[in-house]
Structures are given as structure tokens and as C-alpha cells.
Amino acid sequence: MEQNVQEALSPTQVTGENGAFYLDVIQGLTKEFKTLPSKYFYDKQGDRLFQRIMACEDYYLTRCEAAIIRQQREQICAAIQNGEDSFDIIELGAGDGTKTVHLLDSLARQGKSFRYMPVDISGNILDELTGNLLAQNPELNIQPLEGEYFQMLDQAVSLSSLHKVVMFLGSNIGNMPPADALRFCTRIRQSIRPGDRVLIGFDLVKDPYLIRAAYSDQQGITKAFNLNLLQRINSELGADFDLDLFDHYCSYDPLTGACKSYLVSQRKHTVTFPNADIHFSEGECIWMEISQKYTLSQINQMAVDSGFEPVSTFTDSKGWFADVVWKAV
Ligand SMILES: C[S@@+](CC[C@H](N)C(=O)[O-])C[C@H]1O[C@@H](n2cnc3c(N)ncnc32)[C@H](O)[C@@H]1O
């Protein structure tokens with residue numbers, strides 16, 4: 001049964017630092033099929049857990065993309081530059097930047113003049129990234145931008161008229177359904193000019209067992225990552241989720257390429273917010289995240305449909321992951 005969101009809110013709760021967070025959470029939990037926005041995963045503890053997920057044996061995505069970038073960095077650097085010697089690199093959802101650093105190193109060694117602008121909603125991970133990069137290369141021209149993707153993209157683009165390279169790595173694009181991913185790419189295209197480039201990491205369709213295993217690791221780190229959002233809601237919004245009452249479930253549908261993570265209520269119970277009660281039945285799920293998988297032809301179609309021309313596709317030796325370069329037309 002859907003609750004009226006406004007009824008669940010007091011005016012003081014929809015304003016202030018956590019107002020948008022509160023509104024998004026209550027909106028998601030009062031839908032007929034409960035959901036929570038995955039962008040809230042990344043507080044300090046969420047950042048730490050995501051770094052542990054990336055190091056997991058089953059989470060092949062980071063290893064595959066790291067191999068692509070390490071082994072094909074010269075070709076990737078050539079594809080993103082469009083022959084320009086000076087340019088801006090804007091990385092959306094940069095995270096800890098452990099893969100990007102190889103590209104930045106190559107460009108610096110080639111004597112290119114570039115400014116690196118990592119964008120992330122998590123100030124914590126941006127501080128870590130900036131500290132690490134400057135420790136390795138104190139000469140790096142870096143301008144971190146903390147905030148939402150498009151607010152920060154527009155700010156970054158307005159800083160100069162140089163050639164732009166927009167990067168979106170780590171299968172971040174998979175954290176939205178395909179129609180939203182298309183809108184996202186179209187929105188990037190609207191912010192940049194013809195000739196500018198994007199570099200996007202897509203996870204590819206493959207053996208469904210491998211995909212499901214990547215999101216259901218045996219050590220329970222993915223489960224802890226999902227439960228951490230409930231913990232964050234408790235501490236920042238004053239709710240009383242009992243984390244022991246939720247288990248983690250992941251499904252993958254080979255026909256649609258959608259891999260979805262859920263938290264499953266283990267029994268009937270009620271979670272209380274300062275101004276709302278959220279009821280759970282036994283077995284009821286909160287949809288936490290989508291990790292969409294693509295074929296190469298779907299990726300090329302998305303490029304064309306969003307106003308780009310595919311330039312290069314870089315895959316790992318197993319063909320599990322692709323980093324693609326598109327040119328804005
Ligand atoms: C899946 S991680 C990927 C990190 C990195 N790109 C990589 O490949 O390792 C997603 C990152 O995007 C950031 N993020 C998620 N939603 C965001 C949003 N709406 N605006 C800005 N950053 C966001 C998160 O804080 C997190 O650091």
C-alpha cells in the first residue's frame with residue numbers, strides 16, 4: 001500500500017542538509033515495490049566497503065577494466081585526445097581513481113597539458129583520490145568537484161573552452177536502467193561540444209553464473225555494503241532499521257541483462273522514522289541496485305542514439321568488459 005509522501009514529512013525534515021536524502025528515502029520506501037536510490041551507498045563506510053568489493057575475487061569488473069587500461073593505455077589516450085595537446089578531463093563518479101591513474105600517468109609522460117576534474121558525491125573518496133594522486137605526482141593539475149554528476153559537469157565545462165574528455169568508468173553506467181542510461185549519455189552530449197570525447201566503461205553480457213557471483217560474494221561484503229545504507233539511514237535520518245532482519249538477494253536475467261540486488265525482510269515488522277512508519281511483510285524486498293549488462297551492438301546503438309559516434313572499443317582478453325570512446329557529433 002503506497003503512503004502519501006507529504007503526510008510522512010514535516011517541513012523541517014524536507015529542508016536542511018539531509019532534506020533531499022529524507023525525501024528520496026521516504027519516496028522509495030512508500031512505493032508499492034520498495035526501493036532506495038543507490039547513490040546514497042557512498043558514505044565513508046560505504047566507500048570503504050566498495051573498495052573491498054573491488055578487491056573481491058568474484059568481482060571481475062575492476063580487474064578486467066584495470067587490465068584494459070593498463071595494457072591499452074597508449075591507444076586509449078590517443079583516442080580521447082582528438083589530436084589536442086591541451087584539454088580538460090572530467091571524470092564522473094571518480095571514486096578512488098585507481099584505474100584512472102594509469103591514464104593520467106601516460107598523458108603526463110607524453111608531456112600533455114591537461115586539468116583533471118574528478119566529480120563525486122562523496123567528499124571522503126575525493127579527498128582520498130586527490131591525496132593519492134598528488135602524492136604520486138605533485139605537478140598534477142587537479143580540481144576535485146564534490147556534488148551531483150550534472151551540476152558538477154556543467155560547472156567543470158564552464159571553466160574553459162578547451163577540448164573536453166568526459167570519463168565514466170567502473171560500469172557506473174550500469175547503475176541505471178537502459179532508458180535512464182540513454183538519457184544520461186544524451187545529457188552529457190548536451191553539455192559538451194562536437195569533437196569532444198567520452199570514455200565509458202560497460203560491463204558485457206556473459207555467463208549468468210559469473211555475473212551473479214560478482215554481486216553475491218561468499219564473504220558477505222556486498223551484503224554489508226547494502227546493509228550499510230540502512231545503517232546510514234538510521235544514523236542520518238533517525239530511523240530504526242534492525243539490520244539483522246534483512247538478508248541480501250541478487251538476481252540476473254540473461255534476457256534483459258539486468259542484475260538486481262535486493263534486501264529481503266526476514267519477517268513482518270515495522271521500521272520507524274521520526275515522522276513515518278514503514279511496514280514490511282515477511283519476504284518483502286527493497287530493490288537496492290541495478291547493474292545492467294550490455295552487448296557491444298547495444299553499446300554502439302546507445303552512442304548513436306545519444307548524439308555520439310563510436311570511435312574505439314577496448315575489451316579485456318576474456319571479452320567481459322568494454323571501455324568505449326565516443327566522439328560528440
Ligand atoms: C561504482 S563506484 C565507481 C567508482 C569509479 N568510477 C571506479 O571505476 O572505481 C560509483 C562512484 O560514483 C559516485 N556517485 C554515485 N552517484 C553519484 C551521483 N549522483 N553524483 C556524483 N557521484 C556519484 C559514488 O560516490 C562512487 O564513488
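As the structure is a computational prediction, the values presented were derived from the model and not from experiment. First listed ligand is number 1; within each ligand, the first listed atom is number 1.
For ligand 1 and Glu148, the ligand atoms under 4.0 Å from any heavy atom of the residue are 18 (C), 19 (N), 20 (N). Close approach of ligand 1 to Lys99 (heavy-atom distance below 4.0 Å) involves ligand atoms 7 (C), 8 (O), 9 (O). Short contacts between ligand 1 and Gly147, defined as distances under 4.0 Å to a heavy atom of the residue, involve ligand atoms 20 (N), 21 (C). Ligand-side atoms of ligand 1 in range of Phe50: 1 (C), 2 (S), 3 (C), range being under 4.0 angstrom from any heavy atom. Taking every heavy atom of Leu169 and a limit of under 4.0 angstrom, the matching atoms of ligand 1 come to 6 (N), 8 (O).
Using modelled atom types, no side-chain atom of Lys34 and backbone atom of Glu32 make a donor-acceptor pair closer than 3.5 Å.
The closest non-hydrogen atom to atom 5 (C) of ligand 1, taken over Ser38, Gly170, Gly174, Gly93, comes from Gly93. When the heavy-atom distances from atom 16 (N) of ligand 1 to Phe150, Tyr149, Tyr42 are ranked, the shortest goes to Tyr149.
Across Leu204 and Gly319, no two heavy atoms sit closer than the pair CD1-O, 3.4 Å.
One finds a salt bridge joining Glu65 and Lys99 here, because a Lys/Arg side-chain nitrogen approaches an Asp/Glu carboxylate oxygen to under 4.0 Å. Between Glu148 and Lys39 a salt bridge is recorded (basic side-chain N to carboxylate O distance below 4.0 Å).
Atom OH of Tyr60 and atom CG of Asp203 lie 3.5 Å apart (nearest 0.5 Å).
Between Asn172 and ligand 1 there is a heavy-atom distance shorter than 4.0 Å.
Residues Asn228 and Asp43 bring a donor and an acceptor atom of their side chains to less than 3.5 Å of each other.
Looking at ligand 1, you won't find any N or O of Met54 less than 3.5 Å from one of its N or O atoms.
In this structure, the side chains of Pro118 and Ile142 come closer than 4.5 Å at one or more pairs of heavy atoms. Proximity of Phe308 to Arg189: side-chain heavy atoms (C-beta onward) are separated by under 4.5 Å at one or more points.
Atom 25 (O) of ligand 1 has as its closest protein heavy atom Asp120 OD1, 2.5 Å. Nearest non-hydrogen protein atom to atom 22 (N) of ligand 1 is Ile121 N, 3.1 Å.
With a 4.0 Å cut-off on non-hydrogen atoms, Ser171 does not touch ligand 1 at all. With a 4.0 Å cut-off on non-hydrogen atoms, Thr62 does not touch ligand 1 at all.
In this structure, Lys260 is positioned above the aromatic face of Trp287, its NZ or CZ under 6.0 Å from the six-membered ring centre and within 45° of the axis.
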